Amino acid sequence: NFLYSRFGYSMRLGLLAMGFAVLIGIPIGVISALKQNTWIDYVSLFFATIGVSVPNFVIAIFMIIIFATGLHLISIVPKSWDQVSAWILPAVVLGFGVLARTARLTRASMLEVLRMDYIRTARAKGLSERVVIVRHMIKNALIPVVTFLGPALAFMVTGAFIIESMFGFPGMGRAYVTAIAQRDYSMIMGTTLLLAVLVALGNLSVDIVYVLLDPRIRLDD
């Protein structure tokens with residue numbers, strides 16, 4: 001079964017981590033930009049700075065100490081990966097850095113869009129603030145965010161070497177580390193080639209999403 005192969009496990013973990021990063025990071029960035037220089041903005045920037053600055057394996061250690069050793073809510077190495085609860089902590093740790101960068105990129109892009117002339121024109125036409133934010137601001141502000149998320153997903157699927165090793169996750173990253181230790185060059189080259197293909201597909205998907213976000217962009221251009 002493909003879903004229970006090493007690549008299948010890594011793909012599901014990467015998609016979960018990306019969903020966590022996008023569903024939380026983009027709203028945080030939007031709210032932070034709309035509430036610029038308020039306590040909401042400062043708190044979100046503080047946590048985003050931590051996510052960008054602190055390596056994910058350090059965050060994993062703190063998460064394991066708090067939720068596994070301290071609160072006993074999860075097992076460090078679960079007996080079965082068929083349980084949804086077993087995936088939560090690896091996905092959160094893997095996606096936290098991407099979440100932080102997504103929030104910072106969204107905030108910076110939103111602040112730039114806020115100062116554009118067409119935003120003032122939309123408000124002068126009498127459009128509601130919700131329509132201005134959703135239809136005009138967010139769509140244009142997401143272009144640099146999508147540029148970052150495309151390759152990031154590829155690296156999250158195949159590049160979670162340390163996280164998978166720390167949690168005993170049966171994915172590609174752990175197999176890659178084992179292959180390096182055993183000098184399994186076929187496995188090393190195959191994983192590297194797979195990462196290159198996924199990065200290329202990520203960049204292609206970014207170009208396609210560009211067209212959906214900005215009608216001025218055409219693929220034939």
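Heads up: numbering here begins at 1 and tracks the sequence. Keep in mind that what you see is a predicted model, and the values were worked out from it rather than measured.
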Can you tell me how far apart [atom1] ([X]) and [atom2] ([Y]) are? Round to the nearest 0.5 Å.
| X | Y | atom1 | atom2 | answer |
| --- | --- | --- | --- | --- |
| F20 | L15 | CZ | CG | 15.0 Å |
| T147 | L142 | OG1 | CG | 10.5 Å |
| D184 | M189 | CG | CE | 9.0 Å |
| I40 | I31 | CD1 | CD1 | 7.0 Å |
| I188 | T178 | CD1 | OG1 | 10.5 Å |

Assigning hydrophobic clusters by single linkage (Ile, Leu, Val, Met, Phe, Trp, Tyr; side-chain heavy-atom cutoff under 4.5 Å), is [X] placed with [Y]?
| X | Y | value |
| --- | --- | --- |
| F57 | F62 | yes |
| L23 | V134 | no |
| V54 | I65 | yes |
| Y42 | V52 | no |

Run the side-chain contact (heavy atoms from CB on, under 4.5 Å) test against S128 and tell me which residues pass, sequence neighbours left out.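 By the side-chain contact (heavy atoms from CB on, under 4.5 Å) rule, S128 matches R130, V131.
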Are [X] and [Y] close enough that some pair of their side-chain heavy atoms sits under 4.5 Å apart?
| X | Y | answer |
| --- | --- | --- |
| P90 | L13 | yes |
| V92 | L99 | no |
| D117 | R120 | yes |
| F46 | I50 | yes |
| M187 | T191 | yes |
| W87 | R12 | yes |
| F167 | V93 | yes |

Does T121 form a side chain to side chain contact (heavy atoms under 4.5 Å, CB included) with K125? I'd like the steps, not just the answer. CA-CA 6 Å; T121 303; K125 289 168 62 177; 4.2 Å; yes
Over all heavy atoms of both residues, which pair between [X] and [Y] is shortest? Give the atoms and the distance, please.
| X | Y | result |
| --- | --- | --- |
| L89 | F67 | CD1-CD1, 4.3 Å |
| P144 | L105 | O-CD1, 4.2 Å |
| L153 | G14 | CD1-O, 3.9 Å |
| L45 | T49 | O-OG1, 2.7 Å |

All N/O donor-acceptor pairs, side-chain side in residues 106-116, below 3.5 Å, sequence neighbours left out:
from, atom 1, to, atom 2, distance (Å)
T106, OG1, T102, O, 2.7
R107, NE, S32, OG, 3.3
R107, NE, D41, OD1, 2.8
R107, NH2, D41, OD2, 3.0
S109, OG, A141, O, 2.8
R115, NH1, L111, O, 2.8

